[in-house]
Amino acid sequence: MFETVKCKRALSPSGLPGIDYALNPYGGCEHGCVYCYGPEVTHTDFREWRIVRVRSNIAERLAKEAVNIDGTVGIGTVTDPYQYAEKRFKLSCQCLEVLRSAGLRIHIHTKSDLVLRDLDIIAGMKGEVGMTVTTLDDKISHITEPGAPLPARRLDALEKLTDAGVDTYALVGPVLMFLEGKEERFVDAIASTGTGRMCIDRLNMRPELSARMDRMGITGSIAALEKIRRLAEDAGIKVTDVF
Ligand code: SF4
């Protein structure tokens, strides 16, 4: 479900490390990940999180705001900029064009191979792309990230971005219990994309999220996280923690 809205501002200051401005063309996210803390951060009911607000004028606003600023613009800091709405509305693509003209650095974070549609633009810009991969198992992905592209498509996108010379990383987070015992295969799959970096994250247990995960019987796994960190470093991948 989409709802078209107008935004007053395109950019907002970001407190995230390495990101100066946040840009979110969409409000809410169709991917509907069970571990998402976006609803809590934006004070949105989780049941309404998949109703996507399309900020239809965001590229026009951005064109006015992007002049005379410097730094890195994070595209998709609380929602996925390449969720399915992007296929139809192309707002992330329009914003990329604006940012390219302004010569600004970008940091894209997504779970979607739709990002490949804009590879020509991205490859010509300064910046990086993070692709989230939390499992190799389609059934687990259907449960935990019901609206997102399946893991193989994300790995393929990560490989294609890397091959095109884009600075990429795999965002492995949150590390859930489902990765226990599968760490080696998982790290092999990430390493095979050619990316040289991994950003790893534990399950961030905010109150509402914690209740939701408890109801589903899903927990994070520090043991799996530490094993993945070790294996990735052994494979020559630079590993950092998300925060
Ligand atoms: S892709 Fe990100 S923003 Fe979208 S539901 Fe999943 S965790 Fe939340």
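Small disclaimer: the values here were computed from a predicted structure and weren't measured. For ligands, and for the atoms within them, numbers begin at 1 and follow the listed sequence.
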Check your understanding: Would Trp49 count as a contact of ligand 1 if the rule is a heavy atom under 4.0 Å away?
Key ->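 Yes, Trp49 has heavy atoms under 4.0 Å from ligand 1.
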
Check your understanding: Is there a heavy atom in Ala148 that sits closer than 4.0 Å to ligand 1?
Key ->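 No heavy atom of Ala148 comes that close to ligand 1.
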
Under 4.0 Å from a heavy atom of [X]: give me the atoms of ligand 1 that qualify, with their elements.
X      : value
Thr79  : 3 (S)
Lys111 : 1 (S), 2 (Fe), 6 (Fe), 7 (S)
Cys36  : 3 (S), 5 (S), 7 (S), 8 (Fe)

**Study point:** Arg105 with Asp20: basic N within carboxylate O range, under 4.0 Å
**Key:**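 Not counted as a salt bridge, because no side-chain N and carboxylate O are separated by less than 4.0 Å.
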
Review point. Do NZ/NE/NH1/NH2 and the carboxylate oxygens of Asp45 and Arg47 come within less than 4.0 Å?
Key: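 Counted as a salt bridge, because a side-chain N and a carboxylate O are separated by less than 4.0 Å.
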
Revision key, fill the gap. Ranking Val34, Val52, Val78 by closest non-hydrogen atom to atom 3 (S) of ligand 1, top hit is Val78

Check your understanding: Which option out of Glu145, Glu30, Arg50, His31 puts a heavy atom nearest to atom 1 (S) of ligand 1?
Key ->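 The option holding the nearest heavy atom is His31.
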
Practice item. Specify the closest pair of heavy atoms between Thr135 and Leu179, including all atoms of both residues, with the distance to one decimal. Key: CA-CD2, 4.3 Å

Point to revise | Heavy-atom nearest neighbour in the protein, as seen from atom 6 (Fe) of ligand 1, with distance rounded to 0.1 Å | key: Cys33 SG, 2.3 Å

**Study point:** Cation-aromatic face contact Arg212/Phe46, 6.0 Å, 45 degrees
**Key:**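 Verdict for Phe46: a cation-pi partner in Arg212.
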
Review point. What residue among Arg53, Gln83, Arg55, Glu86 forms side chain to side chain donor-acceptor pair (under 3.5 Å) with Tyr26?
Key: Glu86

Exercise for review: Check whether any N, O or S atom of Cys29, backbone or side chain, sits closer than 2.8 Å to atom 4 (Fe) of ligand 1.
Suggested key: yes

Review point. Which distance, rounded to the nearest 0.5 Å, do you find between the OG1 of Thr134 and the CG of Asp201?
Key: 11.5 Å

Point to revise | Side-chain heavy-atom pair His142, Leu150 within 4.5 angstrom cut-off | key: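 In contact.
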
